[in-house]
Every structure is written in C-alpha cells, then in structure tokens.
Amino acid sequence: MESSEFNSLTTSKGMKFKSEQSFELNFSIINLTVDKAVKNWSFESSYPDCLALFSNDEINSENLIKALMGSVPIMQGKILIDKKEVTYNTIGFERKMAYVDLQLQSWNKLFSIQYNLARTAMRNKPFLQDISNHNQKIKTDIENLKDTGLNLDCGYFKEKLINIIKRFIRETQSTRTNFIKEYEFQIIHFHKNFVQEKFNFSGCETLSDILIKKFTAEEENIIANNNLLFLQSLQDRIASLENLTGECFCGCSPPKERRSQFQLREIIFVVKEINSYLNKKVTNTRSEIRTTLKTCNNHNQNFNNELNRLLSYKQISFTRAQIDQILEQWIDLAEVQRIKFNMKQDFVAMQLLPDEMHLLLKNIKDEIKIYHDKILKHPELEEKETYQNHLKLLYNSLIDARDLISKNIFMLFKELELNHLLTMRITQLTVLERQIIKILQQLIVPTKILILHIPFELLNYDDKEKLAIWIKKIQKFLKIIIIFTTNTQVDINLLATSVTVIENEIIIQQGKIGDVTDKPLSLNLLKEINKQRINTSKGIWNTPNLFFYNVNLGKFTTDNTPTIAFKSNDVLFSRKKPKFAFLKSSIVIKGVIKGITKINEKTSYLIFETFTREEFEVLSSSENIAIGVTGWISITKNSIFVFDGKNQQLIGTW
C-alpha cells in the first residue's frame with residue numbers, strides 16, 4: 001500500500017501552488033530554426049527574465065510562438081528547461097509552458113469567473129488525465145483489498161509480472177541486435193568494395209568519401225525504421241496479454257464463492273506500464289530517425305555541391321548522366337543486400353519469437369499460480385483495525401482534480417488581491433480585467449514559462465501600464481520566465497528586460513533592453529524608438545562622404561540621400577553658443593530660425609537654415625524662440641544614427 005501513497009504524491013507534484021516557489025529556473029534555446037520564423041536562434045535566460053520578441057512581421061512572430069509552445073514542429077534545434085529537453089514532448093510543453101494567444105476567449109457568460117476558470121482548466125490541460133489514470137488505479141487497489149484483505153499483495157505481484165515481461169523484451173531485442181550487427185558489417189563492407197571497384201576514377205576521392213557517409217547514414221535510417229516497426233510489433237504482442245483477465249490462466253480451481261478474486265484485474269495496469277516503457281523506446285527511435293534523415297540530407301547537399309564543382313571545373317571525365325547510372329547500380333545492389341538480410345531476419349524471427357512468447361506465457365502462468373496459491377492458503381482477512389487503516393490510506397491517496405484546481409484558483413487570486421473578480425461575470429469586467437483573467441486562466445496549474453502573443457493589443461497606454469504591473473506581480477509570485485511578442489517600443493519599455501529583434505527570419509540583435517535600444521541595428525526598431533524620443537532629418541549626401549549639414553560625418557556607400565536620426569534629449573537650440581561646444585563628442589551648427597511649428601506647450605518643430613544656406617528640421621524645447629532668431633543647434637555625436645531609405649538598412653551609428 002505504500003506504493004499507492006507514493007504514486008499519489010508524485011502524480012500531484014507540480015500541480016499545486018506552494019508558499020515558497022523555487023528560484024531555480026533556467027531556459028535555453030539552442031540553434032532553433034522554424035519555418036517562416038527564425039533561423040539558428042540561440043538564447044539563454046533565467047528567472048526573472050522577461051523576453052520581448054520584436055518583429056513587424058506578425059506571421060513570423062506567430063509561427064515562432066507556436067513552435068515555442070509546441071503546436072507546430074520545430075525544423076531544428078532544442079528547447080531546454082532546467083537542462084531538460086522539452087522540444088518534442090507535447091506533454092512536457094503542457095506542463096512547463098503556458099500560452100496566451102491573441103484570440104478572444106470563449107467564456108460562458110452566464111457563470112462566474114471562478115466557474116469558467118475551473119471548467120476551462122479541466123478542458124484545456126490534457127495532462128490532468130494523469131490524475132484520472134492514477135485514481136482508476138487506486139480504485140482497483142481498493143476493490144482488491146475489499147475482496148481479499150491484506151493477503152492479496154497485488155503490488156508485489158504486478159511488479160513481478162512487469163519485470164518478467166521487461167526481461168522478455170530485453171532478450172528479444174538482444175537476439176535481434178546480433179543480426180543487425182552482422183548486417184551492418186556486411187553492408188559497410190559492400191559499400192567500401194563498390195567504391196574501390198566502380199567509383200575509383202581520378203579526381204573523385206572527396207566525392208567517394210561523401211557517398212560512403214551518405215549511404216552509411218541511409219542504412220542507419222533503415223535500421224532505425226526497422227527498430228520502430230519491431231517495437232510496435234512488441235507492443236501488439238504485449239497488448240494481447242489483456243486476454244488473461246478471463247478464466248483462470250494457471251488452471252487452478254478456486255471455490256465458487258471466491259472465484260471473482262482470481263480474476264486478474266492487475267494485468268491491465270501491467271500492460272499499461274509495459275506500453276509506457278516501450279513508448280519511451282519508440283520516442284527515442286523516432287528521434288533517431290529524425291537525426292539520420294537530417295544527416296542524409298546534409299550528405300546529399302554536400303554530394304551535389306562537390307559533384308557540381310568537379311563537373312564545372314572539368315576535374316573528372318564522367319558526365320552527370322554517367323555518375324547517376326553508377327549510383328543507380330549501387331542502390332540496386334544495396335537493396336539486394338537488404339532483402340537478403342530481411343529474409344534471414346524474418347526466418348529467424350518466425351522460429352524464435354513464437355518460442356520466446358510461449359516461454360513468456362509459461363513464466364507468467366507460474367507467477368499467477370504462486371499468487372493464487374497464496375489466496376487459497378490465506379482465505380481470512382487480517383485483523384479489522386489494520387485492514388481499515390490500509391483501506392483509509394488508499395482512499396486518502398485519491399486526488400480530486402476539481403478540488404485541486406479550485407484551491408489553486410483561490411490561492412493565486414488571493415496572492416494577487418483579485419478575489420473580488422472571482423464572483424463576477426465576464427460581461428462585468430473591463431477590457432484590462434479580461435486580459436488579466438485570460439492570462440491567469442493559463443496559470444491555474446503552475447508552469448515555468450509564460451508565453452504571451454501581443455498581450456498589449458487594443459489597450460490604451462494607461463491600461464498597458466496597469467497590465468504590465470500585474471504581469472510583473474504574477475511573475476514575482478510564480479517565479480516564472482515570460483516571453484512576449486510585440487511590434488512597438490512602448491511595450492518593450494513597459495515590461496521587457498531582454499529583447500530579441502527578428503527581421504526576415506533572421507535574429508538581427510538581442511540582449512538586455514538598454515543595450516539594444518541604445519544601439520538599434522534594426523530600422524523597424526529605430527522607427528519605433530523615433531516615435532517617442534528621436535528626431536529624423538535629411539542631410540546632404542556627396543558620395544562617398546556623408547555631410548550632416550556642414551559637418552563631415554564619414555564615408556558610406558549608398559545610392560540616395562540617407563536619413564539622420566538623433567535623440568531629442570541630446571539636441572539643444574541655444575541663442576548663445578553652448579558651453580560644451582569645445583567637446584569633440586558634439587557637433588555645433590550656427591544658423592537662423594526660418595519657421596516654427598508648435599507641437600505642444602513645451603516643444604516646437606523648427607525649420608533651421610545654416611549660414612551655408614542648408615535647411616533642416618529639428619525639435620526644440622527651448623522657450624522664447626521666434627522666426628529670425630540666430631542661434632546654435634548642438635548635437636551629441638554618439639546619439640546619431642544613419643540609415644539608407646532605399647535599402648531600409650541602418651548603415652552607421654555614433
């Protein structure tokens with residue numbers, strides 16, 4: 001009965017909020033490539049990082065987010081949480097990552113927020129099925145205990161059967177492994193001989209090496225696929241053991257009044273355990289198939305590149321058609337080798353596997369007989385008090401998933417001081433409150449990574465500020481890493497600690513928010529920054545030197561006049577020459593105000609003409625300015641950005 005209690009604890013582990021959440025959280029992305037999203041992205045962070053994914057391409061952002069949360073395949077790369085890979089584990093994603101999309105939530109408007117949260121949590125979290133399976137197992141143990149008391153040691157019996165079947169699987173695989181090793185030796189020997197005989201013409205040494213690697217990888221892929229079929233065949237054989245639940249398999253004759261006790265209710269759970277054991281092997285084999293396929297594709301690309309090079313420079317006397325003819329002959333002969341191997345393997349399997357399966361059934365039969373003899377020899381229950389205590393222990397190990405979810409909701413909302421929202425309906429909430437509830441809905445079961453797709457969409461600035469504050473509160477309580485997409489600099493300033501800038505499926509720049517926004521390498525990001533605190537102005541372009549007004553800034557190569565951008569807090573209009581004009585880090589230009597456009601009470605937009613008759617525009621917060629006033633514009637050099645309007649690329653910074 002102790003095993004049942006242990007299973008209860010492990011099943012519920014990680015599903016309850018704790019008063020002290022762990023600070024140990026590391027998140028890594030290694031060489032991630034997603035179709036129409038990013039290429040070769042690597043990233044590493046830990047709590048309390050909040051990563052903004054900045055991209056003006058919404059489809060690009062959406063594809064990346066879906067790949068991160070596991071709903072679309074990842075072409076290449078790994079996602080690690082606390083150094084454990086979760087890239088291809090959908091259940092792992094469900095447990096460790098919570099995803100809040102841009103779509104409107106479908107709420108039942110007739111019921112309270114608390115009811116809606118509990119209902120959607122049960123419906124949207126597939127891994128809660130683990131609790132249902134756990135409960136079913138405990139209920140079976142309870143029924144067995146009611147029938148036979150403590151004399152029926154079903155836990156020990158199930159463990160014994162599981163070990164017998166696992167040993168059968170290992171021995172069966174061992175027999176097959178010997179044949180595979182023999183085949184690998186023969187086929188590798190065949191490929192090397194073929195190269196020496198048919199592919200030994202001058203100039204193709206590198207080509208031959210690539211082909212050997214290519215065909216070796218293909219053989220590994222074929223073997224991996226055979227392994228997958230073999231494991232699936234084993235699963236079918238093991239599944240047939242469920243038929244043992246009927247008449248007594250061991251042949252004993254129990255008394256009529258106790259016959260129900262001899263039915264093997266445990267065999268169903270034995271088969272489930274073995275299937276889980278085999279599923280892990282199947283998952284590993286599928287991962288191996290993906291790896292070998294990728295290797296084959298790489299070798300194919302290398303082969304085509306090398307062959308094209310040799311043909312272009314006429315370093316070999318063969319034509320492409322002749323090379324293809326040799327390869328076709330090579331492939332046909334290799335297929336003959338595989339057929340021989342498969343025939344031999346199938347012949348041996350037809351002889352051995354039925355015998356091994358017969359031996360397995362005999363071992364199971366012997367174990368069942370020992371089990372049944374124990375029941376017959378000890379027909380009476382043990383003392384009532386001990387029996388009741390064990391029965392109570394089993395009942396206590398049952399988990400009420402709805403109760404677990406309700407407790408989590410209450411604790412989460414209490415910690416965030418949002419209890420007053422639980423009794424309200426969705427129609428009574430503001431737009432901001434709806435967004436907060438939408439996020440909390442995905443966090444009812446504790447998670448480690450929160451993924452938000454454009455969380456500030458449709459909110460005004462005040463509500464954006466409030467939402468950012470709430471998200472930070474949530475992050476502090478749950479100790480989670482947050483990843484969110486955005487296409488505005490405002491959102492980055494409100495929430496992000498790190499930024500990754502994506503353009504045309506390429507990571508342009510990433511790092512801490514200050515480092516990225518101080519020196520943006522993306523024109524789109526620069527434009528977003530410009531909306532808040534940057535002026536833009538046209539300069540004079542004389543190839544190959546860039547003149548900003550009457551000051552030579554540097555040499556670049558472009559086809560049209562570039563745009564100059566500089567921080568407004570680094571620009572000063574003064575009626576007197578600035579005191580810091582002697583600094584080498586600044587540019588000072590003298591001129592006359594030709595026009596004024598008022599922006600607000602404190603800021604105006606000046607048209608400024610230099611004494612060399614060059615005009616430009618600049619923002620100024622100085623007071624008492626008027627048309628015709630002579631003064632100086634002072635610009636700090638390290639705040640200047642230059643980008644090419646035609647190619648839409650940043651071409652220089654100071």
For Ile480 and Leu25 the tightest heavy-atom approach is CA-CD2, 4.0 Å
Correct closest heavy-atom pair for Val34 and Asn63 would be CG1-O, 3.9 Å
Minimal heavy-atom distance between Gln475 and Ile482, with the atoms involved, is CB-CD1, 3.8 Å
task = Would you please classify the geometry between the Phe43 ring and the Trp41 ring as parallel, tilted or perpendicular, with 30° and 60° separating the classes?
result = tilted
Per side chain to side chain contact (heavy atoms under 4.5 Å, CB included), Ile274 is matched among Ile169, Asn279, Leu234 by Ile169
Using a 6.0 Å cut-off, check whether atom CD of Gln325 has over 12 heavy atoms from anything other than its own residue. no
By side chain to side chain donor-acceptor pair (under 3.5 Å), His299 pairs with (sequence neighbours left out) none
Worksheet item: Side-chain donor-acceptor pair under 3.5 Å between Asn300 and Asn304, yes or no?
Response: no
For the residue pair Phe215 and His191, categorise the inter-ring angle as parallel (less than 30°), tilted (30 to 60°) or perpendicular (more than 60°). parallel
**Lys448 charged N/C atom sitting above Phe27 aromatic ring, 6.0 Å / 45°** = no
On a heavy-atom basis, the closest approach of Ile449 and Ile483 is CG2-CD1, 4.0 Å
Applied to residues 209-219, the salt bridge (charged side-chain N to carboxylate O under 4.0 Å, His left out) test, sequence neighbours excluded, yields Lys214-Glu218, Glu219-Arg338
- Has Lys166 got more than 12 heavy atoms of other residues, nucleotides or ligands less than 6.0 Å from its NZ? yes
